[in-house]
Amino acid sequence: MSVRVRFAPSPTGSLHVGGLRTALYNYLFARRHNGVCVLRIEDTDQTRLVENATENIIEALNWAGIGFDESPVAEGPYGPYVQSQRLDIYAEHAKLLLDNGAAYYAFDTAEELDQMRERQKQAGVVPRYDRSIMRNQYTLGEEETQRLLDESVPFVVRLKVPLTGDIRVHDIVRGEIVVQAREVDDQVLMKSDGFPTYHLANVVDDHMMRITHVIRGEEWLPSTPKHVLLYQAFGWEMPQFAHLPLLLNPDRSKLSKRQGDVSVEDYRLKGYMPEALVNFVALLGWNPTSDREIFSMQDLIDTFDLAKVNKAGAVFDVQKLDWVNSQYMRSASPEEQVETLLAELHKRGYGNIGNEYAAHLIELFRERVHRASEIPDFAPYMFAPPEHFDEQYKLQYGGEDLQQLVSGLIPKFMLMEEFTATAVQQIAKEHSKEEGVKMGQIINPLRLMLTGKPVGAGIFETMELLGKEECIRRIQDFTA
RNA sequence: GGCCCCUUCGUCUAGUGGUUAGGACACCGCCCUUUCACGGCGGCAGCAGGGGUUCGAGUCCCCUAGGGGUCACCA
């Protein structure tokens, strides 16, 4: 049987980097085994829908280079791929369970459930739906149940979990997991608004969409026994499960907002390259070898192995991400980064920067920054004359010798026709020889006057990019 | 708190009974050098603890500790 996997986000916000990792592993696994990767939108909670969330998630996935064979925007044989469009299917299946005794009607109100839980808490027992005393078809009787249904009294459908026995689940990542049935709650399957809960919809869809491997986050592990029970109640073959370790904050709690950026969109906006984010995130929880850090999507596909996924959570270390991004930045062509730089400049209100100039900037600074978007901070003087001059640097190189240097150099610069890095360097070298001063005594003062900062790219390359007029103007302004 | 999962350098990890416990990021030092970077070389640093099993345990078992997840008509 050919492999079919799915990534099933709910459209409640932007795509989380943890979600990206889950989507990626599904994608890699599918591609590795020449299988099919499905994108399914789980929008069964009408109260949490966020406008455009589905579009944003798909866009983020596209940006990352993760493609789907079947999705809401690429219909396949098992659609629709949006759960809110499959309501009749779930109702039908709930009926099936009701008929074979695996599920039952319950009429309790939210208040009644709260009271039940409160009583259980007081009594020191674990809160769980008590079907022997609450208002459901067992306590009410067939006749009363029918009457309530006829009167359209709101109801839910609950899973009838066995009171005894063990539930076993085999997980590809974790091995055998055993839970006692009495620890499992009578999960609501159909809500009173007629929508299914995740548990029902997920099992029904995975079965109907012929999913062979359920690859999802570890947070789903505790509810997997309910899913197992559902497969059994339907008499369906179970898919294989693989629960992925969580992505963690530096303090090892589940990766969350408030402790940094968590959405793919955040990283895109910060200027990270999609290849770098994917590469970095792929290696959080899985590693093909460990003697290499840089992997293209194809490399990842060729080496991906679910069985080698780690069990423990992985801290999302932004410093490592920065390094990975810097690696990609160096091997990519400057043109690829132009848009990122321009977007950042636009954000800061620097206008009139051309594509060609931007590409040159990237070429000049890419070994000194982690992202193209850092260039404005690293070298603000490339966009406007320096306003601040480093105090220490100024003390060291802005002294008396400077006037003499400038008066000797400026005329030479002015006579230049080709203001290229090599030409400027040539002039500087000649001057160094003639005047008997070290190159450092020329380069550093120039850097001070032109950039105001003691750090930067090669000064001659910087000057070429700045242009002859601008360089002369800055030198004159500084000494004025 | 109940249940479930997890535990190799600060971080990401390699390791599937016999290794001087390897690599990468970060950090530190040296070299290169036109500053800063890049690059090269080197350094710091780890098997949570305790019991077993075994000739031999990072690797297998048990316990403890610690961490995390989850306990909704949310996914």
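To find a chain, count down the sequence lines: A is the first, B the second, and so on, and within it residues start at 1. A quick note: this is a predicted structure, and the numbers were derived from the prediction, not measured.
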Whole-Å gap separating C1' (B/C73) and CZ (A/Phe155): 12 Å
With a 3.5 Å cut-off and just heavy-atom distances, do the side chain of A/Ser192 and the base of B/C73 make a donor-acceptor pair? yes
Between the side-chain atoms of A/Arg174 and the base atoms of B/C5, is any donor-acceptor pair under 3.5 Å? no
May I have the distance from A/Leu159 (atom CG) to B/C73 (atom C1'), rounded to whole angstrom? 14 Å
By nearest-nucleotide position on RNA chain B, the 5'-leaning member of A/Glu183 and A/Gly285 is A/Glu183
Name every donor-acceptor pair, under 3.5 Å, that has one atom in a side chain of residues 421-431 of chain A and the other anywhere in the protein, sequence neighbours excluded.
| residue | atom | partner | partner atom | Å |
| --- | --- | --- | --- | --- |
| A/Thr422 | OG1 | A/Thr420 | OG1 | 3.4 |
| A/His431 | ND1 | A/Lys412 | NZ | 3.3 |

Applying the 3.5 Å cut-off to both distances, the Watson-Crick or G-U partner of B/A48 turns out to be B/U64
Does B/C25 have a Watson-Crick or wobble partner in any strand here, with both distances under 3.5 angstrom, and which is it? B/G10
In this structure, are over 12 heavy atoms from other groups packed under 6.0 Å from A/Glu387 atom CD? no
Ignoring hydrogens and geometry beyond distance, is a side-chain donor-acceptor pair present between A/Gln46 and A/Asp193 at under 3.5 Å? no
What's touching nucleotides 26-34 of chain B from the protein side, N or O pairs under 3.5 Å?
| residue | atom | partner | partner atom | Å |
| --- | --- | --- | --- | --- |
| B/U34 | O4 | A/Gln425 | NE2 | 3.3 |

Under 3.5 Å for both donor-acceptor distances, Watson-Crick or wobble: does B/U33 have a partner, and if so which one? none
For B/G69, does either OP1 or OP2 sit under 4.0 Å from a side-chain N or O belonging to A/Arg216? no
Below 4.0 Å: OP1/OP2 of B/A14 and any side-chain N or O of A/Asn310: yes
Could you tell me the Watson-Crick or G-U partner of B/A57, where both distances fall under 3.5 Å? Say none if there is no partner. none
For a 4.5 angstrom cut-off between non-hydrogen side-chain atoms, does A/His243 reach A/Arg216? yes
Base-pairing assignment for B/C3 (Watson-Crick or G-U wobble, both under 3.5 Å): B/G69
For atom OH of A/Tyr129 and atom C1' of B/C71, their distance in whole Å: 17 Å
Counting only side-chain N and O atoms of A/Lys191, is one of them less than 4.0 Å from OP1 or OP2 of B/A75? yes
With nearest nucleotide decided by heavy atoms, which residue, A/Ala8 or A/Lys453, maps closer to the 5′ end of RNA chain B? A/Lys453
Do the side-chain N or O atoms of A/Arg330 get closer than 4.0 angstrom to the phosphate oxygens (OP1, OP2) of B/C38? no
Distance check: side-chain N/O of A/Arg252 vs OP1/OP2 of B/C12, anything under 4.0 Å? yes
Does a donor on one side chain and an acceptor on the other come within less than 3.5 Å for A/Glu111 and A/Gln115? no
